[in-house]
S.K.: 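The structure that follows is given in the form of structure tokens.
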Amino acid sequence: MNDTPTMGSRLKWLRKSRKLVQADVAEAVGISRTHLTEIENGKDPGYQTFCALADFFGVTLDYLHRGTGAPFPGADKSCQPPYTPEEFAMIELWREMNEDQRGTMISLMTQLVRTNAA
């Protein structure tokens, strides 16, 4: 069994990490949901679709195709892949907070991390 990530598995991970369904991604890049399923399962997307998918997810072609290099344009190679669903949830909550709530959250998180690190 080969556990090496493929372009299809990277696409699927990118899609799921953003809590998107195939129909949303397919519509955004101008392909059918069935074609996206085929791509996620290993079918060659063709160059135009390949570029459209990389643009849609904001990743480099090299990262999408081979899983190497920096995943995001302008990022260094140590940059992590896109956010996890939990990180996205935190970002969304952060954006909903006012300045006082953000200050409280920073204080709570700092205390939590420093308490657990000790």
Side-chain angles (χ1 to χ4, degrees):
M1 181 174 176
N2 186 356
D3 289 336
T4 304
T6 63
M7 178 173 53
S9 65
R10 278 186 292 283
L11 279 170
K12 188 174 187 176
W13 185 85
L14 287 164
R15 177 177 58 77
K16 287 187 170 198
S17 72
R18 289 171 168 83
K19 297 180 182 179
L20 297 170
V21 295
Q22 287 180 330
D24 294 335
V25 176
E27 182 179 346
V29 298
I31 59 175
S32 69
R33 188 206 52 79
T34 304
H35 187 50
L36 182 59
T37 299
E38 292 171 341
I39 296 167
E40 287 185 357
N41 287 326
K43 183 176 181 178
D44 184 337
Y47 186 71
Q48 284 186 309
T49 301
F50 172 60
C51 291
L53 287 164
D55 288 344
F56 176 78
F57 287 110
V59 297
T60 63
L61 297 174
D62 191 44
Y63 173 77
L64 186 57
H65 182 64
R66 292 184 282 213
T68 59
F72 307 106
D76 66 18
K77 291 182 181 180
S78 66
C79 182
Q80 294 296 312
Y83 301 114
T84 65
E86 292 82 7
E87 290 168 322
F88 272 123
M90 289 184 67
I91 291 168
E92 289 303 314
L93 287 170
W94 182 264
R95 290 177 178 165
E96 293 174 17
M97 292 179 193
N98 62 39
E99 287 302 312
D100 289 338
Q101 292 169 322
R102 288 178 180 176
T104 301
M105 182 58 72
I106 293 290
S107 296
L108 290 170
M109 289 173 63
T110 301
Q111 289 174 354
L112 179 66
V113 170
R114 289 191 179 147
T115 301
N116 287 338

S.K.: Are side-chain heavy atoms of Leu14 and Leu20 found at a separation under 4.5 Å?
M.R.: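 Heavy-atom side-chain distance check fails, nothing below 4.5 Å.
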S.K.: Can you name the closest pair of heavy atoms from Gln22 and Thr37 and give their distance?
M.R.: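 That would be OE1-OG1, 2.8 Å.
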S.K.: For Gln101, look at atom CD and say whether over 12 heavy atoms of other residues, nucleotides or ligands are found less than 6.0 Å away.
M.R.: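 Counting neighbours around CD of Gln101, more than 12 heavy atoms of other residues, nucleotides or ligands fall under 6.0 Å, so yes.
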S.K.: Taking side chain as C-beta onward, heavy atoms only, is Leu53 less than 4.5 Å from Leu36?
M.R.: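 Answer yes - side chains close enough.
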S.K.: Tell me whether Glu40 is salt-bridged to Arg15, with the criterion being a basic N under 4.0 Å from an acidic carboxylate O.
M.R.: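 A salt bridge links Glu40 with Arg15.
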S.K.: Flag the pair Arg10 / Thr6 as yes when at least one side-chain heavy-atom distance between them is below 4.5 Å, and no otherwise.
M.R.: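 No, too far: nothing below the 4.5 Å cut-off.
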S.K.: Please round to the nearest 0.5 Å and tell me the distance separating atom OG of Ser9 and atom NZ of Lys16.
M.R.: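 Between Ser9 OG and Lys16 NZ, I get 11.5 Å after rounding to 0.5 Å.
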S.K.: Answer yes or no: are there more than 12 heavy-atom neighbours, outside Met97 itself, under 6.0 Å from its atom CE?
M.R.: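 Result for CE/Met97: enclosed.
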S.K.: With a 4.5 Å cut-off on side-chain heavy atoms, are Ile31 and Ile39 touching?
M.R.: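 Heavy-atom side-chain distance check passes, below 4.5 Å.
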S.K.: What is the distance from atom CZ of Arg66 to atom OG1 of Thr60, rounded to the nearest 0.5 Å?
M.R.: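 The CZ atom of Arg66 sits 9.5 Å away from the OG1 atom of Thr60.
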S.K.: Does Arg33 reach the main-chain N or O of Val21 with its side chain, forming a donor-acceptor pair under 3.5 Å?
M.R.: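 Not confirmed, Arg33 side chain does not pair with Val21 backbone.
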S.K.: What's the spacing between Asp24 CG and Lys19 NZ if we round to 0.5 Å?
M.R.: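 Between atom CG of Asp24 and atom NZ of Lys19 there are 14.0 Å.
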S.K.: Could you grab the distance from atom OG of Ser17 to atom CZ of Phe57, nearest 0.5 Å is fine?
M.R.: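 Between Ser17 OG and Phe57 CZ, I get 7.5 Å after rounding to 0.5 Å.
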S.K.: Is Phe50 close to Asp44 at the side-chain level, that is, under 4.5 Å between some pair of heavy atoms?
M.R.: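 Asp44 vs Phe50: side chains apart.
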S.K.: Honestly curious: do Leu108 and Leu93 fall in one hydrophobic cluster under the side-chain, below-4.5 Å linking rule?
M.R.: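 The answer is no; the residues belong to distinct hydrophobic clusters.
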S.K.: Write down the atom of Leu61, the atom of Ala54, and the distance for their closest heavy-atom approach.
M.R.: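 Leu61 and Ala54 have their closest heavy atoms at CD2-CB, 3.5 Å.
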S.K.: Taking all non-hydrogen atoms of both residues, which atom of Met7 and which atom of Pro45 are closest, and how far apart?
M.R.: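 Scanning both residues completely, I find the closest heavy atoms to be CE-CD, 3.4 Å.
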S.K.: So, do His35 and Lys43 sit near enough that their side-chain heavy atoms are less than 4.5 Å apart?
M.R.: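 Yes - at least one pair of side-chain heavy atoms lies under 4.5 Å apart.
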